[in-house]
Protein chains: 2
Amino acid sequence: MKTLKYSRQRESIKEFLATRKDHPTADTVYVNIRQLYPNISLGTVYRNLSLLASLGEICKVSCGDGVEHFDSNTEPHYHFICRECGCVQDVPLDPLNDLDRMASNRFEGTIEGHTTLFFGTCRNCTEKVQKTLDKREAI
Amino acid sequence: MKTLKYSRQRESIKEFLATRKDHPTADTVYVNIRQLYPNISLGTVYRNLSLLASLGEICKVSCGDGVEHFDSNTEPHYHFICRECGCVQDVPLDPLNDLDRMASNRFEGTIEGHTTLFFGTCRNCTEKVQKTLDKREAI
DNA sequence: GTGTTTGCAAACAATTTGCAGAATT
DNA sequence: AATTCTGCAAATTGTTTGCAAACAC
């Protein structure tokens, strides 16, 4: 029988994630938690992130950038990743459950859900690109 | 100036990928190409897969399973990953360009496109699960 | 006291890279 | 001849794991 025991490290990881709406990586969590618990180890961060994710208290977000991101928002929702700076953001769009039905109709197997990842240029990077163009124009 | 030179290894990687509609990983490509070129190295496979992907001749598919998959079909299309066996398949559903527009309306930044990954149980695994249930019922 | 969690370091898996020699143009 | 590509091995990166001590119940 495996009961769950309290740990301040786990608690503070959960709290930290809740304060962020970007989607930090394990390493970012580590660096930040260390300000409160300087002795915490990266292994502990990874262990707790996995545990919390398997308990459904947070969720793992894979964006194809080679690193896992973590999100305190466990409601299914869409994400965006910027091709310029790699930042990950939420897209405030209700997931289309129709998509699952449409896919089921054309797929031999059981479809349980989907994730959608938008890509493009984030607001900040779009502005930067615009400024660069403006400068060129001014010459 | 960097011109592209022919290489049989690269050619055979491209040909191999074209014969497969599952979405092999670099290692699977490696194991298979080795039957034709026993001396090929994993590094060469990785280098060529990246090169081909950046040329747009194949594409990289990230499924959140920790390994990159590669696809000879460069048309944008949706994918499915099985939670049981981890296999990756195409979902024959036309990508919804509307989604990009809907997301753009609610997002400050430039949305260029999206990928969608369905998850669930593939046909094979669904059948297996069904057989297990049948057996239990029969007792 | 029993069982879980931690910090640390070592292990691992996927991918990338440096380099001398082979292949392509 | 000039340049690109390959095989090999070593390096890098992100993540997991084994273990003794610390902590929670």
Side-chain angles (χ1 to χ4, degrees), chain A residues 1-17 22-55 57-71 81 86-88, chain B residues 1-17 22-55 57-71 81 86-88:
Chain A
M1 191 95 27
K2 64 161 84 177
T3 31
L4 202 60
K5 283 187 178 166
Y6 173 86
S7 109
R8 33 190 159 177
Q9 289 90 335
R10 180 166 37 219
E11 208 51 33
S12 95
I13 288 172
K14 218 165 76 177
E15 277 168 25
F16 170 71
L17 267 186
D22 62 338
H23 303 69
T25 62
D27 197 69
T28 304
V29 172
Y30 172 58
V31 168
N32 281 273
I33 299 292
R34 240 188 338 182
Q35 299 184 4
L36 194 55
Y37 298 102
N39 293 327
I40 199 173
S41 80
L42 194 48
T44 299
V45 171
Y46 272 105
R47 264 186 297 235
N48 279 307
L49 287 171
S50 304
L51 178 55
L52 289 169
S54 69
L55 291 172
E57 303 196 21
I58 63 173
C59 65
K60 226 182 238 197
V61 183
S62 305
C63 304
D65 61 351
V67 215
E68 294 293 340
H69 295 251
F70 296 88
D71 192 346
I81 184 166
C87 74
V88 178
Chain B
M1 189 97 26
K2 63 161 87 178
T3 31
L4 201 59
K5 282 187 179 167
Y6 173 86
S7 109
R8 32 188 160 179
Q9 289 90 334
R10 180 165 49 232
E11 208 50 33
S12 95
I13 288 172
K14 220 166 76 178
E15 277 170 23
F16 170 71
L17 267 186
D22 62 338
H23 303 69
T25 62
D27 197 69
T28 304
V29 172
Y30 172 57
V31 168
N32 281 273
I33 299 291
R34 241 191 333 185
Q35 298 184 5
L36 194 55
Y37 298 102
N39 292 326
I40 199 173
S41 80
L42 194 49
T44 299
V45 171
Y46 272 105
R47 263 185 298 233
N48 279 306
L49 287 171
S50 303
L51 178 55
L52 289 169
S54 69
L55 291 173
E57 303 196 21
I58 63 173
C59 65
K60 227 184 237 196
V61 182
S62 304
C63 304
D65 61 351
V67 214
E68 294 294 340
H69 295 252
F70 295 88
D71 193 345
I81 184 166
C87 73
V88 178

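Convention: sequence-line order gives letters A, B, ...; per-chain numbering from 1.
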- Partners of D27(A) by salt bridge (charged side-chain N to carboxylate O under 4.0 Å, His left out), sequence neighbours excluded? none
- Message: So, using salt bridge (charged side-chain N to carboxylate O under 4.0 Å, His left out) as the criterion, who are the partners of K5(A) when residues are at least two apart?
- Response: none
- Side chains of T44(B) and R47(B): closer than 4.5 Å at any heavy-atom pair? yes
- Item | N/O (side chain, Q9(A)) to phosphate O (OP1/OP2, dG7(C)) under 4.0 Å | yes
- Task: Measure the distance from CZ on R10(A) to P on dC23(D) and round it to the nearest whole Å.
- Result: 15 Å
- Query: Separation of K2(A) atom NZ from dC25(D) atom C1', in whole Å?
  - Reply: 18 Å
- Find the distance Y30(A):OH to dG14(D):C1' and express it as a whole number of Å. 14 Å
- Touch class at under 4.0 angstrom, heavy-atom based, for T25(B) against every strand present: nothing
- Query: Would a 4.5 Å heavy-atom cut-off, applied to side chains only, mark V29(B) and N48(B) as touching?
  - Reply: no
- Task: Starting at atom CD of E11(A), determine the distance to atom P of dT6(C), rounded to an integer number of angstrom.
- Result: 11 Å
- What pairs of residues pass the ring-ring contact (aromatic ring centres under 6.0 Å, His included) test when at least one of them lies in residues 29-55 of chain A, not counting sequence neighbours? none
- Query: So which of residues 32-51 of chain B are in contact with DNA chain D, with a heavy-atom cut-off of under 4.0 Å?
  - Reply: N39(B), I40(B), S41(B), T44(B), R47(B), N48(B)
Show me the donor-acceptor pairs within less than 3.5 Å that the side chains of residues 62-69 of chain B make with the rest of the protein, sequence neighbours left out.
| from | atom 1 | to | atom 2 | distance (Å) |
| --- | --- | --- | --- | --- |
| S62(B) | OG | E68(B) | OE1 | 2.9 |
| S62(B) | OG | E68(B) | OE2 | 3.3 |
| D65(B) | OD1 | V67(B) | N | 3.3 |
| D65(B) | OD2 | H69(B) | NE2 | 2.8 |
| H69(B) | ND1 | H23(B) | O | 2.6 |

- dA14(C) C1' sits how many Å from K60(B) NZ, rounded? 11 Å
- Message: Between I58(A) and I13(A), does the side-chain contact (heavy atoms from CB on, under 4.5 Å) criterion hold? Intermediate values first, please.
- Response: CA-CA 10 Å; I58(A) 63 173; I13(A) 288 172; 5.9 Å; no
- Item | From CA spacing to verdict: side-chain contact (heavy atoms from CB on, under 4.5 Å), E15(A), L36(A) | CA-CA 12 Å; E15(A) 277 168 25; L36(A) 194 55; over 6 Å; no
- Distance in angstrom units between I13(B) CD1 and dC5(D) P, rounded: 12 Å
- Message: I need the CG-C1' distance between L52(A) and dT4(C), as an integer number of Å.
- Response: 15 Å
- Query: Going through the checks in order, is the side-chain contact (heavy atoms from CB on, under 4.5 Å) test met by Q9(B) and I33(B)?
  - Reply: CA-CA 8 Å; Q9(B) 289 90 334; I33(B) 299 291; 5.9 Å; no
- Note on the structure: For nucleotides 20-25 of chain C, 5' to 3', base contacts (B), sugar-phosphate-only contacts (S) and non-contacts (-) with protein non-hydrogen atoms under 4.0 Å give ----BS
